[in-house]
Amino acid sequence: MGRDLAAVLSGPVLPAARALLGCVLRANGVAVRLSEVEAYHGMGQDEASHAHRGRTPRNTIMFGPAGFAYLYFTYGMHWCMNVVTEEEGHASAVLLRALEPVAHLEGRTQGPALLCKAMGIDGRLTGHDLVSDSLHIDDPRDERTIRVVKRPRIGVDYAGHWAKRLLRFYIAGNPFISRK
DNA sequence: TCATTGATGGTCT
DNA sequence: GACCATCAATGAG
């Protein structure tokens, strides 16, 4: 991971989420481009965040330093991946919701669980950093400006006014999006 | 096109 | 015991 991206991930979650759009994720030898993400704030704030009630065994990686993977298992069958952001002790993260293949890739990639399935990512990677051979995120430093669409997050209707906040981001015009 | 539901099991109260 | 940052299949309109 480049120095600039690492610095942004160590800062506030909104710019971090924005910066991850268009970045190249590589896992198990496959490279893809991130096309849709969601931002989740830390403890005591965001009612949709896994960390909002405090630290538990599951979410403890969210409280660590930025640039690590937080994997969680949900609905009895799906893995979803986050990138931890902000400084150690602040539990915010960015959920990876969809990606655009850059080479041949089997299966659909529009949705957080589909993304993990297609990339062969599961709970074994939780707590893993994003600078290794098996898991890596890089900013391609593309000169093109990415137009970002902001929408409410998916599947968090229980979260009161936090459900309405525009914390879901995707690349405008990109077809690899989980939902219109 | 939209709403509903079953699958399936970890996590937290 | 209830809930769940999901997905695919189903059926109504």
Side-chain angles (χ1 to χ4, degrees), chain A residues 9 12-21 23 25 27-28 30 32-64 66-86 90-101 105-128 130 135 137 148-171 174-180:
Chain A
L9 294 184
V13 66
L14 257 55
R18 166 73 181 72
L20 283 168
L21 284 179
C23 279
L25 166 68
N28 302 312
V30 181
V32 298
R33 227 169 111 89
L34 300 178
S35 52
E36 178 185 348
V37 300
E38 282 178 358
Y40 288 86
H41 286 82
M43 179 172 104
Q45 321 173 39
D46 186 351
E47 293 173 40
S49 170
H50 286 174
H52 104 274
R53 289 177 197 275
R55 188 193 289 247
T56 67
R58 179 177 68 158
N59 67 22
T60 194
I61 189 66
M62 291 180 74
F63 289 80
F68 286 78
Y70 164 52
L71 273 291
Y72 68 90
F73 185 68
T74 191
Y75 294 102
M77 59 190 97
H78 299 304
W79 287 101
C80 299
M81 174 174 168
N82 294 253
V83 173
V84 176
T85 61
E86 309 205 25
H90 188 116
S92 62
V94 177
L95 172 67
L96 309 184
R97 284 199 60 91
L99 57 81
E100 174 181 355
L105 181 58
E106 286 292 325
R108 300 184 54 195
T109 58
Q110 300 168 34
L114 292 173
L115 178 159
C116 284
K117 184 170 180 234
M119 296 291 288
I121 291 171
D122 64 23
R124 289 173 298 189
L125 289 180
T126 204
H128 202 293
L130 295 165
L135 191 62
I137 290 187
V148 177
V149 179
K150 302 173 184 174
R151 292 284 181 269
R153 294 172 296 184
I154 306 286
V156 295
D157 290 345
Y158 57 85
H161 71 279
W162 284 94
K164 301 192 177 71
R165 297 271 311 267
L166 303 181
L167 297 174
R168 172 181 176 227
F169 309 114
Y170 58 83
I171 300 176
N174 192 301
F176 294 94
I177 296 303
S178 62
R179 285 206 223 170
K180 286 282 191 175

Residues that A/Asp157 engages under salt bridge (Lys or Arg N to Asp or Glu O under 4.0 Å), provided they are two or more places apart: none

Quick one: sort the A/Trp162 and A/His41 rings into parallel, tilted or perpendicular, breaks at 30° and 60°. tilted

Just say parallel, tilted or perpendicular for the rings of A/Tyr72 and A/His50, cut-offs at 30° and 60°. perpendicular

Applying side chain to side chain donor-acceptor pair (under 3.5 Å) to A/Tyr40 and not counting sequence neighbours gives A/Glu38

Residues two or more places apart in sequence or in another chain: which of them pass side chain to side chain donor-acceptor pair (under 3.5 Å) with A/Asn28? none

So A/Ser92 and A/Val84, side-chain contact (heavy atoms from CB on, under 4.5 Å) or not? Walk me through it. CA-CA 6 Å; A/Ser92 62; A/Val84 176; over 6 Å; no

Counting Watson-Crick and G-U wobble pairs with both distances under 3.5 Å, what is the dot-bracket string for DNA chain B, 5' to 3', using [ ] for crossing pairs and | for pairs to another strand? |||||||.||||.

Going 5' to 3' along DNA chain C, between which two nucleotides do contacts with chain A fall, using a heavy-atom cut-off of 4.0 Å? C/dC4 to C/dA8

All heavy atoms of A/Pro101 vs all of A/Val32, minimum pair found to be CA-CG1, 4.3 Å

Using a 4.0 Å heavy-atom cut-off across all strands, classify A/Ala48 as base, sugar-phosphate, or nothing. base

Mind checking if A/Arg168 touches a base, just sugar-phosphate, or nothing, with heavy atoms under 4.0 Å? nothing

Apply side-chain contact (heavy atoms from CB on, under 4.5 Å) to residues A/Arg58 and A/Tyr70 and explain how you reach the verdict. CA-CA 9 Å; A/Arg58 179 177 68 158; A/Tyr70 164 52; 3.7 Å; yes

A/His128 and A/Phe68: aromatic ring centres closer than 6.0 Å? no

side-chain hydrogen bond (donor to acceptor under 3.5 Å, both in side chains) with A/Glu36: of A/Arg168, A/Arg151, A/Arg179, A/Gln110, only one passes, and it is A/Arg168

Each nucleotide in nucleotides 1-13 of chain B should get exactly one letter: B, S or -. Can you fill that in based on protein heavy atoms under 4.0 Å? ------BBBSSSS

